[in-house]
Asks: 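Please see the structure below; I have some questions.
Chain letters run A, B, ... following the sequence lines, proteins first, then strands; residues in each count from 1.
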Protein chains: 2
Amino acid sequence: MLRADAQRNLDRLKAAALEVFRERGLGSPLEEIAKRAGVSVGTLYNRFGSREALIDAVIPDLMAANVERIRLDANAATDPWERVERYFNGLLEMQIADPAVSDAVARAYEGSPDVSAVCAAALDEGARLLDAVRTGDPSFTRDDLGALLVANSALIATGGADAARRIVAVLLAGLRPA
Amino acid sequence: MLRADAQRNLDRLKAAALEVFRERGLGSPLEEIAKRAGVSVGTLYNRFGSREALIDAVIPDLMAANVERIRLDANAATDPWERVERYFNGLLEMQIADPAVSDAVARAYEGSPDVSAVCAAALDEGARLLDAVRTGDPSFTRDDLGALLVANSALIATGGADAARRIVAVLLAGLRPA
DNA sequence: CACGAAGTTGAGGATAGCCTCAGGTTCTCT
DNA sequence: AGAGAACCTGAGGCTATCCTCAACTTCGTG
């Protein structure tokens with residue numbers, strides 16, 4: 001059981017981390033987070049030990065909520081192909097709207113286990129939706145969706161949100177069954 | 001006119017820069033380049049003044065040669081669509097084969113003027129080849145090709161050369177006229 | 001060959017983040 | 001209230017890279 005003040009600091013740290021990560025991405029200086037939480041860096045390290053742990057503490061929920069929302073929206077469509085489109089576009093817009101999520105997706109291979117888990121689930125759902133439509137050749141796999149998210153992340157980071165939208169649109173056009 | 005020893009050092013610096021950039025990308029420590037040239041950092045700064053200038057001194061030729069080779073190969077095809085395919089795939093393989101080029105492409109918006117010029121020429125040629133085929137909707141623009149190169153660069157940097165190949169393949173499939 | 005111009009050197013100041021730990025503070029329980 | 005466990009602090013050591021500049025070396029010419 002945490003002491004009352006410690007619990008309060010921990011909550012503040014999480015809140016600050018979420019704020020800062022969403023503003024400047026997952027690479028933000030941890031000192032900035034500590035500062036915004038009104039706490040010293042030492043405390044941050046006492047509580048979390050590493051940036052990864054801090055990310056794991058605040059990002060998975062954020063991502064899971066987003067992914068779930070997108071999943072529901074996509075599945076609300078009756079046409080299987082429209083589901084795919086909505087899902088892909090939804091993920092893209094999620095990345096554009098939130099640098100923290102975009103970063104998390106792009107680095108899912110390393111790092112925080114919980115973040116990786118949410119990513120994996122998101123890819124699984126994408127694969128499931130794709131399975132429901134007859135895709136052309138070359139067929140698009142689960143891993144390809146992962147690659148697409150990484151690519152989007154890079155484009156968004158360099159200010160190319162629109163470029164990412166175009167790429168996804170063309171890609172979807174290519175995947176669309178005849 | 002440069003003094004003989006100065007000229008020699010300059011040549012060595014260029015050679016070393018090319019080596020190091022191709023091995024580790026355009027962000028490599030300049031100290032490493034100086035060291036490999038058998039010269040002090042001070043000399044590097046005396047000669048080039050900045051990383052950008054050094055890049056401009058060695059990368060444009062490298063890129064231009066590559067792009068020209070790809071352009072020729074693409075135009076050797078008789079079918080207009082095959083030209084597009086060869087050009088896109090050629091650029092991609094160039095990026096995969098050379099981190100320095102990949103970096104240069106990804107950062108063409110800022111930085112070195114000569115590098116930007118070569119990039120612009122490469123995009124122009126892509127647009128020209130695309131114009132020759134009836135592309136579907138959404139039509140792929142010059143800027144979209146730029147975005148694709150940036151995306152590829154990111155994928156390659158995270159070890160996803162194959163992922164980039166897949167993305168390009170699906171994208172080409174989507175662009176292919178009926 | 002000697003002298004001035006041209007060129008080189010590399011230690012070190014500056015920046016930016018990471019992470020630690022000895023010492024001080026605050027909570028909580030009795 | 002007193003004691004001690006729990007917690008917090010933040011200066012400072014560490015890494016990595018950039019860039020500078022006063023002192024030194026070398027070249028090339030008269």
Asks: Please give me the minimum heavy-atom distance between K14(B) and F48(B), naming the atom from each residue.
Replies: CG-CZ, 4.1 Å
Asks: Quickly work out the N46(A) CG to dT9(D) P distance and round it to whole Å.
Replies: 9 Å
Asks: For S112(A) and D56(A), work out which heavy atoms get closest and say how close.
Replies: CB-OD1, 2.6 Å
Asks: For E52(B) and dC19(D), give me the distance from atom CD to atom C1', rounded to whole Å.
Replies: 15 Å
Asks: Indicate, with a heavy-atom threshold strictly under 4.0 Å, whether N9(B) touches base, sugar-phosphate, or nothing.
Replies: sugar-phosphate
Asks: Figure out the CD/C1' separation between E31(A) and dG13(D), and round it to whole Å.
Replies: 13 Å
Asks: Strictly by salt bridge (charged side-chain N to carboxylate O under 4.0 Å, His left out), give each pair with a member in residues 92-101 of chain A just once, sequence neighbours left out.
Replies: R22(A)-D98(A), E93(A)-R165(A)
Asks: Using the side chain to side chain contact (heavy atoms under 4.5 Å, CB included) rule, take V105(B) and Q95(B) through it: C-alpha gap first, then chi angles, then the decisive distance, then the call.
Replies: CA-CA 8 Å; V105(B) 156; Q95(B) 289 185 273; 3.8 Å; yes
Asks: Please give me the minimum heavy-atom distance between S153(B) and D103(B), naming the atom from each residue.
Replies: OG-N, 4.3 Å
Asks: Restricting to non-hydrogen atoms, name the atom on P60(A) and the atom on V118(A) that form the minimum distance, rounded to 0.1 Å.
Replies: O-CG2, 4.0 Å
Asks: Quick one: what's the B/S/- string for nucleotides 22-30 of chain D, heavy-atom cutoff under 4.0 Å, read 5' to 3'?
Replies: ----BSS--
Asks: Could you grab the distance from atom CG of L30(B) to atom CG of L44(B), nearest 0.5 Å is fine?
Replies: 5.5 Å
Asks: Taking only residues two or more places apart in sequence or in another chain, which ones pass salt bridge (charged side-chain N to carboxylate O under 4.0 Å, His left out) with R128(B)?
Replies: E125(B)
Asks: Could you tell me which non-hydrogen atom of A104(A) sits nearest to which non-hydrogen atom of I59(A), and how far apart they are?
Replies: CB-CG2, 4.0 Å
Asks: What residues form a side chain to side chain contact (heavy atoms under 4.5 Å, CB included) with S40(A), not counting sequence neighbours?
Replies: T43(A)
Asks: Near DNA chain D, under 4.0 Å by heavy atom, which residues of residues 33-44 of chain A?
Replies: V39(A), S40(A), G42(A), T43(A)
Asks: Provide the start and end nucleotides, 5' to 3', of the part of DNA chain C that has atoms under 4.0 Å from heavy atoms of chain A.
Replies: dG17(C) to dT28(C)
